[in-house]
There are 2 protein chains.
Amino acid sequence: MPNVPGAKLKDVAALAGVSVGTVSNVLNRPEQVSPDKKSRVLAAIDQLGFVRNESARSLRSGSTRSLGMLVLDVRNPFFTDVALGAENVAEAHKHSLILANSAEDSGRELAYLDLFEQQRVQGVLITPFGQVLQRLETMRSRGIPSVLVDRLARNDQFCSVSVDDVAGGATALTHLLDAGSVRPAFVGGPFTLQQVEDRYQGAADAAARAGVSLQLFETPDLKFERGRQIGDLISNLQPAKRPDAVFAANDQLALGLLQSFAANELRVPEDIAIVGFDDIDFASQSSIPLSSISQPRHLIGERAAELLFDEIDNAEEHVHSQVVFTPELVARQSTRRH
Amino acid sequence: MPNVPGAKLKDVAALAGVSVGTVSNVLNRPEQVSPDKKSRVLAAIDQLGFVRNESARSLRSGSTRSLGMLVLDVRNPFFTDVALGAENVAEAHKHSLILANSAEDSGRELAYLDLFEQQRVQGVLITPFGQVLQRLETMRSRGIPSVLVDRLARNDQFCSVSVDDVAGGATALTHLLDAGSVRPAFVGGPFTLQQVEDRYQGAADAAARAGVSLQLFETPDLKFERGRQIGDLISNLQPAKRPDAVFAANDQLALGLLQSFAANELRVPEDIAIVGFDDIDFASQSSIPLSSISQPRHLIGERAAELLFDEIDNAEEHVHSQVVFTPELVARQSTRRH
DNA sequence: GTTCACAAATGAATCGATTCATTACAAAGG
DNA sequence: CCTTTGTAATGAATCGATTCATTTGTGAAC
C-alpha cells in the first residue's frame, strides 16, 4: 500500500524533513521555496497520497472557492445550459459551482439558501421563485452577494441578467404576420408569470400596430399536455374561425400543439403555422421542425457569473447592472411562408 | 439592522449568557439543555442572525454531510433524473448532493474526483468515463467509497446499479417482430460503448431466435443529426430492400430517423416502424409518439444512493452488490400494429 | 445534616491548513 | 572582520464548532 489513509500536512512535513510552514508554502507560494526542498516536499506528498483538507483550508482563510446556483428546474435544459455557462466562468476563476434545484418550491428554495450560507459560498446565482429578495439582501449584508438570473431586478438592488420577453413576443408575432397570417392567436399562461405576461404584451402590441386582432387562449400552465389539449380545442373550431397561426409562450406548449394538429390532420404550416419560445433542442428535432425564439442561454450564465465575481472582488466600487439580452427568431418549417 | 455580519457561536453564547458548549448542545443535542437556557440561546441566535460555519463543523467532526455525483452529461435528461432520485435519498439522510459534469472528458473527470476528495465528501456516485476504477479504489482506501451508476461493475470491487441492455434490446426487437416486421434493422454505434454493444446483441439474439436476419446500420455516434442522416439513407433504398422496422440505439437517433422519414414522406409506422431506447420525455412528445424502451431513471439514482449509504454507514459488514434493472417497453404510435 | 445520584452546564483541547512575525543563514560591501 | 541586505525557513497563533472530562447544582434518601 503506497499511501496512508489520513495523511495530513504535518505528516508530509515530517517525511520531507521540513516545517509545516514550508509545506504550506510549496502549496501556496511555490516561488518562495528553494528547488531542493520543494522537490522533497512534492515527493513526500506523492508518497503519502496527501490531499488537502478543504474544510481546514477555508476555515482558516475565511472563504470557500465556490458559488451556489439555485434554479427552478434542473430537468429543464434551459437551466442546465445557463448553468454550464456559469460553470465555465467559475472554473476560470478557480471556483466550483454548486448546483441546486428549488423545483419551484419555496421551502426548498429557502432550505438551499440556508445551506449555501452555512457552506459560506462566495456568492449566489438564483432564479427566484418565492419572495426571497429580502432574504437575499440579508445574505448580502452578511457578505454573500447574489445575481438574479432570467429575471429582471426592478429596483437596482441586484445585478440581473435576463431576456427582453416583450421584444421576443413582438418578434414572434411579426414573423407570423410576415408569413401571411391574418388570424393569429396566442397560447399561454398563467399571466402571473412575468415572462408570459411580457411575451403576450409584445405580441399584442405588434398585432395592434399591424391592425390585426390577436386571439388569446389562456392556459394554467406551460406543459406539453396542456398544449395538446388546447390543440384539440383549436382543431375542432370551424376552419373560418380557426386561427391560421399560433404563438405559443414556450416550446413545450408548441410541441403539444404540433402533436395535436398532426393527430387531427391539420397541416403545419399550411393550415396553421406555429412559433414557440426558448428554442430548446427538441424544437429543431420534431418531425416538423419548430420555429422558435432563441435565448442565448450560455451567455446568460456567463454574464451572470461575471457580474457576480465583479461584486465579490470589488464589493466597494461595484455598481449593480441589468443585462438584458434580446432574443432572436429561428425560423424553421413550422412557419414556412406558404 | 437586526443582525451582525459575522456572528459566531461565541457571540451567541455571550449574548445568551451561557457557555459555548451549551450553545453547541442546543444545536446538536437539544434534549440535554434546560428549556429556559434553550429558549435564551435560540433567541440570541435569531437576534444575531447566526449561521453555523460548515467548514469549522466538518473540520472538527471529520466528516461532511455531502455526496459527490459525477455524470457524463448534465444536459442529458436521463442523468438529471437519476440525480434527482439520488438527491431524494441523500436528503433523507440529511446529506446534500454535489452534482458535477465530466462532459465525457477524462481530464474533467479526474479533476472533479480531486475536488470531491479535497472536499471530503462521504462517498461518490459516478458514471465512469475514463479509466478511473483504480483511482476509485485508492479513494476507497482513503475512506471515500463509490458506487457505479449506469455501468455494471464486473469484478465485485464496487456496488453498481445498471440496466440490462441485452434484455432491453431483445424486448425492442421482439416488439417489432410482433408488430409484423419481417425486415428489421438496427441503427447505432459506436460498438465500443458497452450499452450499444449490449442492445445490439440482445436484438440480434432475438432476431436469430425468430429466424429473421437483422440488418445493421453502424453509426459513429448517437446524435440526432446522425439519425437524420441514416434516415435519409434508408429512405432512398428501394422499397423492397428497405427495412420495414428500425430499432435505434437511443431516442435521439430515433427522433432523427423520424424527422427524416417525415421529410421523405415515408409513413410511420405503416411504411416503417421505429422503436427507440431511453424513453426521454420527448419520445412521447413528437408528432408521431415514439415507442421506446424505458429505464427506471429515478429508481436507479435512489438505489445507487442507498447502496452508497450502506457502505458509508457499515464499511465493515458491507458487501458489494450489483443491481440490474430490466427496462420496459412503452409502445406508442411509431410501432402500432398495421 | 450528610451523602448520593443524576442532570445540566462548563470551557479547554481539538480538528488541519494558513499566516506572519521571527530567526537563520549567506552573500555583498565597507 | 563586522555590518548590512535579502532570501529561506520556521513554528506558534489562528479560524469556529464540537466534544468530553470536569464542575456545579438539585433533590431524594437516609
Side-chain angles (χ1 to χ4, degrees), chain A residues 4-42 44-45 48-65 94 114-115 117-122 142-143, chain B residues 4-42 44-45 48-65 94 114-115 117-122 142-143:
Chain A
V4 174
K8 54 187 87 163
L9 199 133
K10 198 167 54 163
D11 303 326
V12 174
L15 179 61
V18 300
S19 71
V20 292
T22 299
V23 178
S24 179
N25 283 337
V26 170
L27 260 20
N28 300 306
R29 317 174 185 69
E31 73 285 358
Q32 292 190 13
V33 181
S34 65
D36 156 39
K37 299 214 164 176
K38 179 154 42 179
S39 64
R40 268 160 59 201
V41 168
L42 291 175
I45 287 179
L48 294 173
F50 166 76
V51 177
R52 259 195 182 94
N53 184 321
E54 185 61 32
S55 296
R57 213 163 134 61
S58 56
L59 170 58
R60 177 59 232 240
S61 71
S63 81
T64 59
R65 306 189 80 53
K94 309 208 168 188
D114 284 349
L115 195 68
E117 218 172 333
Q118 285 166 215
Q119 307 208 139
R120 300 289 194 275
V121 297
Q122 297 285 92
R142 294 190 193 138
Chain B
V4 173
K8 53 189 88 163
L9 199 131
K10 198 166 54 164
D11 303 327
V12 174
L15 180 61
V18 301
S19 71
V20 291
T22 299
V23 178
S24 179
N25 283 337
V26 170
L27 260 21
N28 300 305
R29 322 176 181 65
E31 72 285 358
Q32 292 190 14
V33 181
S34 66
D36 157 38
K37 302 215 163 175
K38 180 154 42 180
S39 64
R40 268 157 62 200
V41 168
L42 291 175
I45 287 178
L48 294 173
F50 166 75
V51 178
R52 271 226 233 7
N53 183 321
E54 185 62 33
S55 297
R57 213 164 135 61
S58 56
L59 170 58
R60 176 60 230 238
S61 70
S63 81
T64 60
R65 305 190 81 49
K94 309 209 166 183
D114 284 349
L115 195 68
E117 216 172 334
Q118 285 166 216
Q119 307 208 136
R120 300 291 194 275
V121 297
Q122 297 286 89
R142 294 190 193 136

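For clarity, every value in this text was computed on a predicted model and none was experimentally measured. Convention: sequence-line order gives letters A, B, ...; per-chain numbering from 1.
Listed by first then second residue, pairs satisfying salt bridge (charged side-chain N to carboxylate O under 4.0 Å, His left out) with a partner in residues 22-41 of chain B read B/Asp36-B/Arg40, not counting sequence neighbours. Annotation: salt bridge (charged side-chain N to carboxylate O under 4.0 Å, His left out) contacts involving residues 50-63 of chain A, sequence neighbours excluded, comprise A/Glu54-A/Arg57.
Inter-axis angle, ends of the helix from C/dG1-D/dC30 to C/dG30-D/dC1, five pairs per end, rounded to 10 degrees: 60°.
Judged as a side chain to side chain contact (heavy atoms under 4.5 Å, CB included), and not counting sequence neighbours, the contacts of A/Val20 are A/Leu9, A/Lys10, A/Ala13. Applying the side-chain hydrogen bond (donor to acceptor under 3.5 Å, both in side chains) test to B/Asp114 and every residue at least two apart in sequence or in another chain returns B/Arg135. Every side chain to side chain contact (heavy atoms under 4.5 Å, CB included) that B/Ser19 has, sequence neighbours left out, goes to B/Thr22.
The line from CD of B/Gln119 to OG1 of A/Thr64 is 9.0 Å long, rounded to the nearest 0.5 Å. The CD atom of B/Gln32 sits 6.0 Å away from the CG atom of B/Asn25 when rounded to the nearest 0.5 Å. Considering CZ of A/Arg120 and CZ of A/Arg142, their distance stands at 9.0 Å, rounded to 0.5 Å.
When each of B/Arg120 and B/Lys37 is assigned the nucleotide of DNA chain C with its nearest heavy atom, B/Lys37 is the one assigned upstream, toward the 5' end. In this structure, A/Gly21 and B/Pro35 both approach DNA chain C, and ranking their closest nucleotides by distance from the 5' end singles out B/Pro35.
Interface residues of residues 52-65 of chain B facing DNA chain D, ordered by number: B/Arg52, B/Asn53, B/Ala56, B/Arg57, B/Arg60; criterion, heavy-atom separation under 4.0 Å. Contacts between residues 24-33 of chain A and DNA chain C, defined by a heavy-atom separation under 4.0 Å, are made by A/Ser24, A/Asn28, A/Arg29.
Screening B/Ser61, B/Ser63, B/Ser58 against A/Ser55 for a side chain to side chain donor-acceptor pair (under 3.5 Å) leaves a single residue, B/Ser58.
The side chain of A/Thr22 contributes an N or O atom lying less than 4.0 Å from OP1 or OP2 of D/dT10.
At least one side-chain heavy atom of A/Ile45 sits under 4.5 Å from a side-chain heavy atom of A/Leu27.
In this structure, A/Val18 reaches the sugar-phosphate backbone alone: every heavy-atom distance under 4.0 Å involves primed, P, OP1 or OP2 atoms, never a base.
Chain A approaches DNA chain C over the interval C/dG16 to C/dT19, counting the first and last nucleotide 5' to 3' with an atom under 4.0 Å from its heavy atoms.
Considering all non-hydrogen atoms of both residues, B/Ala16 and B/Val41 come closest at CB-CA, 4.0 Å.
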